[in-house]
Structure formats: structure tokens, C-alpha cells
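Some notes on the structure that comes next.
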There are 2 protein chains.
Amino acid sequence: MLHKLSGTDIFRFFDLGDPLRKFVAGHLYKYKRMFDTLFFHIAAKISLPDPEKETIKTFFTQRKFKRKQFLLQEGETCRQLSFISKGLIKSYNVDDNGEDHINLFGWEGWWVSDFYSFLSATPGQLNIEAIEDTEVLQITLADYEAMLIKVPVMERYFRILYQNSIVTKERRLMSSITHTAEEKYRHLLQHHPELIQRIPQTLIASYLGLAPETISRIKRNKTP
Amino acid sequence: MLHKLSGTDIFRFFDLGDPLRKFVAGHLYKYKRMFDTLFFHIAAKISLPDPEKETIKTFFTQRKFKRKQFLLQEGETCRQLSFISKGLIKSYNVDDNGEDHINLFGWEGWWVSDFYSFLSATPGQLNIEAIEDTEVLQITLADYEAMLIKVPVMERYFRILYQNSIVTKERRLMSSITHTAEEKYRHLLQHHPELIQRIPQTLIASYLGLAPETISRIKRNKTP
DNA sequence: GACAAGGCTTGATCTGTGTCAATAAATACC
DNA sequence: GGTATTTATTGACACAGATCAAGCCTTGTC
């Protein structure tokens, strides 16, 4: 089975504002099983037979985090790749002046980690913190690698996942370099309006690399 | 075989400044076959038996580009994923004011395309242009997908390739948001000094999102 | 080897966005 | 339900880095 990809589909499970989010949340509630969210997302990219699902389950452990609790702190080695089945997190680092800079937001259907730290098994600089109460499925590096050996079709899943992620990250980078503050904010507003509702403006500002005051001024100047 | 990954290894085939570049260049010269560079790079991530190599060869076509020639122009659909076996390219887009913004430089061992355009088969906004005379191996989307079906271990290769690429792109994004002009330039200088030699300052500036004059001033102020 | 074209430096000036500070509004908490 | 905390707004001001302009230096070309 080839992975079919349309112009919009490419972002479906990736960029901020996953349109399936609400449905997935309902789905989860109905079955009350965190793995359903995972398999639902996997099914969007590859077809995964039931026996393989059972194998995959054995590699993950479930964990819950309260609001403001850290999944990972700067200086730690990130031992887990986490799939968010419920909740909302921010991943950020702190610069020399003590300022936070948000790397990404993640919610239902997102994979999060300090990827560099995780893959290299060395201490990293990212903090990952729950913004809302969050439930995740976690896998260690050894198990991630073992799973990919044991269930080779997951290579395909992650290849497609990462492939799409690269597109998103390239776009965000170019936006960061080429756009003005206002363009960045309006772009986010246009493409991910739900974000603005769910996440405080201060954090949005940090994510966009702007001062919160700048966003206030943009809203004042051109919203009328 | 698991892919072993050390802290430095993670960037080896990815970020600017591939340390194997010179060796590969020599290697290529010796055997005068573009595929050697490709298989050399693949071998760094997975082990690929000879029969599979022969299969893979059938999916690629070779192409050469002269300095200043375009591999791809804005508005075109990017039909090819290109592996650079020799040369140097820039990938950039043009903003509403007609300014260029360089997305990435690529040379021996890099894969380049307008990834979004390629995967979605829709027109893209990137220009890809040869800075030096360049030789590439190209594969279409259909052949890329066919190859991944026929040689499944290539899923693994691309998964690892993309995985590393994500780390690099995340770092560049955070650098772009958190660092000052001077920090960005010094960081590049420290980690990729060869770049500064091989690529004109104007292009470096565009890559970093700075004005060329800013780089001149940085060099004046603190090099003494 | 002369001319063209491109690349680099320097100074003067302008401007978008950050910083600081004070207040108001919204939300969380016991 | 009232206080504490967080979040958003607004104004005054500062500054990093862009822009504009001019001149110089380097490289390529016939």
C-alpha cells in the first residue's frame, strides 16, 4: 500500500492544528484506551495488522502528568519518546538571559521528545512541560529500535511521519526568517485559530519568537 | 543491525559541514561513478546487499547542471528528489519584496528537493540553483515509492536520514529565534568554517536571515 | 591585460520590535 | 466569594539590525 498524499493531507497529523483532534478525543473517551489514539494515528499512514498491534503495545508504558508537571527537564537525558494520547504540552529551552523559547506545542496525536538527546542518549537542553493534564505512551530508545526490528512496517510509519515533519519545520523556519512579526501572527491565526483559544498569548509569543506586547499591538492595529 | 548513534555522528551526514565530504570527493574521483557516493552514504546508516544496490540503480537517472543553472524554479512542481553526488546548490525562495531567502545549501551527500512540492505533487515556491557545476542522481515520486516497496530496507535508511534532519532543522529554528545576528554568524563560523570559504558572504547572510552589511560589521568588530 | 561584474566594507540614517513600567482584566485558588 | 496570581494592554523609550549610498577590491572574461 502506497501512502497517498494530497496537498492538505500532508499536514493532517503534523502541524499545529490537527483537524482530527476533536474526533480523536471523542474516540478515546469512548474506548478509554490510550492505544486507540496511537493506532488511529498509525492507521492514517500505514495499515497495521492486529498481531503487530499487540506486539507494539508491549513496548510502551503509560504515564500521566499533571498541569505544570515536567516530562523532561534541561540537563536530563531524554530517555523516552512520548506519544500524547490526551492533553497539551510545551517544549522549550531557556537562553542565557533566562528567557523561555517555545520549540513546539504538542497535543493528542503528537510525538514529543528532546529528539537530539533521545537519539544520542546525552543530556539535552529542552524542557517539556504539561500545559494541561496530559496522558502519554512512552517508549525508550532501546525499545524504539527493538520495535522497528520486530515490526518493520513501523519504519515506514516513522519515515512518513518524519518526512511530513520536515516539511512543516522547513516552513516554520522560512516563516521565521522572512516574515515580519505581524505576518507571523496573522499566519498562525489564519491556519491555527484553535491555538489562539487554547494557549495563552504569552506562550504564543514565545513560540513565534515575539514579545507579548508586540502581539497586543498587532491585535489593536488591524483587527477592527 | 541497529543504527548506532553518537553525539557527533548524528550530524555526520546531515548538517552543514559533512566531515566525510573530502573523502567522498576523492572516492568519487577514483571510481568515477556517481552511485558510489550514494551507496557510501547509505552504508553509513544501513547495510545494503549488492543485489539491492542493483535494484536501486534502476530507479535513478543521472543529470548534470552547470553553475547558475536551475534544478527547479518557483511555480514548477518538483518532480524529482535529487541526491547530490558532486557540486554545490542553493535552495531559496523569493519573498513579496523580491528578496531571496536561502533555505539550505547542499553538496556531495545531500538530498535536495522542494519537499512539500515533491510529496504533494503540487507547484512549489522554492528555487534550486547550482552554485557550482553539479551532478545529481534523481528519482521521481512514483519511483521513490516503488523503490521503498521493492527494497524495504530503504525505509529504514530514509527514516534515519529524516530523523537526523529533524534534529538539525529544530536546532536551526531555535538558533534563528533565540540568537542575535552575531551569535548566529559565530555559531556558523565555529561549526562550519568550510562554508565561509566555499560560499560568498552575501549568500551566507541570506542563509542566516541577515543583511550582508551586518556580517561585515560583525567581522570588523570582533575579529582583531 | 583591460574592462566588467560581482563581492566586500564603511558610514549615515531609519525603523520595527524589544524593553521597562504601570495598570487593568481575567482566572485560579482556598 | 474574595484575595492572589496570571495574563493582557498601553505608553514611552531604546537599540539591533535594516536600508541606502558610495567607494574599493577581487575575480572572471575575451
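In the text below, chain A, chain B and the rest are named by the order of the sequence lines, each starting its count at 1. For clarity, every value in this text was computed on a predicted model and none was experimentally measured.
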Return the value, rounded to whole Å, for the distance between atom [atom1] of [X] and atom [atom2] of [N].
X	N	atom1	atom2	answer
A/H101	C/dG18	NE2	P	11 Å
A/E182	C/dG16	CD	C1'	11 Å
A/K184	C/dT17	NZ	C1'	10 Å
A/Y185	C/dT17	OH	P	15 Å
B/D133	D/dG28	CG	P	13 Å
A/I215	D/dT10	CD1	P	14 Å
A/D100	D/dT7	CG	P	12 Å
B/N97	C/dG16	CG	C1'	14 Å

Distance-only polar pair, side chains of [X] and [Y], donor-acceptor under 3.5 Å:
X	Y	result
A/S176	B/S176	yes
A/K219	A/Q201	yes
A/R159	A/Q163	yes

Counting just side-chain N and O atoms, does B/R220 come under 4.0 Å of either OP1 or OP2 of C/dT9?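 B/R220 to C/dT9 OP1/OP2: no side-chain N or O under 4.0 Å.
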With 3.5 Å as the limit, what N/O pairs link the protein to nucleotides 20-27 of chain D?
{"unit_1": "D/dC20", "atom_1": "N4", "unit_2": "B/E213", "atom_2": "OE2", "d": "3.1"}

Side chain of [X], backbone of [Y]: donor and acceptor closer than 3.5 Å?
X	Y	answer
B/S113	B/F118	no
A/S117	A/C78	yes
B/S206	B/I102	yes
B/D95	B/N97	yes

Which pairs, protein N/O on one side and nucleotides 28-30 of chain C N/O on the other, fall under 3.5 Å?
none

B/E182 vs B/R220, salt bridge (Lys or Arg N to Asp or Glu O under 4.0 Å): CA-CA, chis, key distance, verdict: CA-CA 11 Å; B/E182 177 156 355; B/R220 172 174 47 158; over 6 Å; no
Return the CD1 to OG distance between A/I139 and A/S82, rounded to the nearest 0.5 Å.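 So the gap between those two atoms works out to 10.5 Å.
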Cation over ring, A/R171 on B/Y116, under 6.0 Å and within 45°?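 The answer is yes; both the distance and angle limits are met.
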Angle class for the A/F83/A/H41 ring planes (parallel below 30°, perpendicular above 60°, tilted otherwise)? perpendicular
With sugar-phosphate meaning primed atoms plus P, OP1 and OP2, does B/L210 contact a base, only sugar-phosphate, or nothing at under 4.0 Å between heavy atoms?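 Sugar-phosphate, no base atom in range.
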One character per nucleotide, please: for nucleotides 3-8 of chain C, 5' to 3', B when the base has a protein heavy atom closer than 4.0 Å, S when only the sugar-phosphate does, - otherwise. -----S
